[in-house]
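Down below is the structure, laid out as structure tokens.
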Protein chains: 2
Amino acid sequence: MYHANMALEPNTRESVAQMLRAHGITPTHQRIEIALVLFERCWHPSADQILTAVNVRYAETSKATVYNTLKLFLDKGLVRELIVDPNKVFYDSNTSAHHHFYDMSSGEITDIPAEGVRIDGLPPLPAGMVTAGVDIIVRTRPGI
Amino acid sequence: MYHANMALEPNTRESVAQMLRAHGITPTHQRIEIALVLFERCWHPSADQILTAVNVRYAETSKATVYNTLKLFLDKGLVRELIVDPNKVFYDSNTSAHHHFYDMSSGEITDIPAEGVRIDGLPPLPAGMVTAGVDIIVRTRPGI
DNA sequence: AGATCGGATTAGACAGAGTCCAAAATTCAA
DNA sequence: TTGAATTTTGGACTCTGTCTAATCCGATCT
Ligand SMILES: [Mn+2]
Ligand SMILES: [Mn+2]
Ligand SMILES: [Zn+2]
Ligand SMILES: [Zn+2]
């Protein structure tokens, strides 16, 4: 997966710190850990998965900080929320426009690149409204 | 609690009961009330809105029954879930294929008819998977 | 270095949505 | 009418996420 925010930088603490500074975020120890977890690979973790991943080595980050930080990253455009499951929000470190497969049986989320996908025939927006985003979710389940 | 003298058009109650039977659902009083609330107009209520609406005249239906019934209706294909808000599920009594505008500032949900909307260029599904549904959510907010 | 001070972190209380359970109520076929 | 099967129910419980006030930094100044 292409990470718009990572360019070709290695996932070092220093490169992550620079990315945070570039987005106007003071790079604290906890924020760097959370960013490393978010960008280390292509996944769509929940807050709880991030909390677990960040504390694998030492318990050094609290639940409150994970939620605080995810909200901050969201405000600053570093991550986006994925609303596909009734029970929890998933976070997507790929902020470029794209869509998703959602396997309803396993919960697995897979990116669909936006290039090549085209939506035709949408009606005009209600008066005075502006588009904040168009999400396509293809819900799948194991075939016969 | 069942009240024998509820003033409601017998045709409407009876037609709802028949619809439930046609879907293999035993039409109890609570289920009929919930179905009436769901189908009385075009809206996308949450479980809590349904609970409130059903109990406007008398408190005759419990929270547990609303959730039980919504799950039953979902299984039987009478309603569909709408996952657009991180905090609650909305229910859609329109089960034909269609899409939605979601006004992020007011929470208002508006139907987009599927006729005329076309999605091109979706990649093939992961091996062994089958489509359970394709949802387009156009998130909007008040314009400039 | 030591003191300062504002932002960041934290534990744990709290809230809202939804689930579960065992007891009570009801349905409906016999 | 009867009673077994189904449905309903209050309330405890779980889970995700929020809030708050105390504490902890860590960058800057002397
Ligand atoms: Mn939930
Ligand atoms: Mn929530
Ligand atoms: Zn994604
Ligand atoms: Zn709808």
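Convention: sequence-line order gives letters A, B, ...; per-chain numbering from 1. Note that this is a predicted model, so its numbers are computed, not measured.
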Can you tell me how far [atom2] of [N] sits from [atom1] of [X], to the nearest Å?
X: A/Tyr67; N: D/dT20; atom1: OH; atom2: C1'; answer: 17 Å
X: A/Glu81; N: D/dT16; atom1: CD; atom2: P; answer: 15 Å
X: A/Asn87; N: C/dG16; atom1: CG; atom2: P; answer: 18 Å

**Item:** Given D/dA12, D/dT16, C/dT10, the nucleotide with the shortest approach to the side chain of B/Lys63
**Value:** D/dA12
**Asked** Picking from C/dT9, D/dG11, D/dG17, which would you name as closest to the side chain of B/Ala64?
**Response** D/dG11
At under 4.0 Å between heavy atoms, what does [X] touch on the DNA or RNA strands: base, sugar-phosphate, or nothing?
X: B/Asn68; value: base
X: B/Thr28; value: sugar-phosphate
X: A/Ser46; value: nothing

**Asked** ring-ring contact (aromatic ring centres under 6.0 Å, His included): which pairs involve residues 96-121 of chain B, sequence neighbours left out?
**Response** B/His44-B/His100, B/His98-B/His100
**Message:** Quick check on D/dT9: is either OP1 or OP2 less than 4.0 Å from any side-chain nitrogen or oxygen of B/Gln30?
**Reply:** yes
**Item:** C/dA8 phosphate, OP1 or OP2, under 4.0 Å from A/Thr26 side-chain N/O
**Value:** yes
**Prompt:** Does A/Tyr91 belong to the same Ile/Leu/Val/Met/Phe/Trp/Tyr cluster as A/Val54, with side-chain heavy atoms less than 4.5 Å apart forming each link?
**Reply:** yes
**Request:** Could you list the residues that satisfy side-chain hydrogen bond (donor to acceptor under 3.5 Å, both in side chains) with B/Thr131, not counting sequence neighbours?
**Result:** none
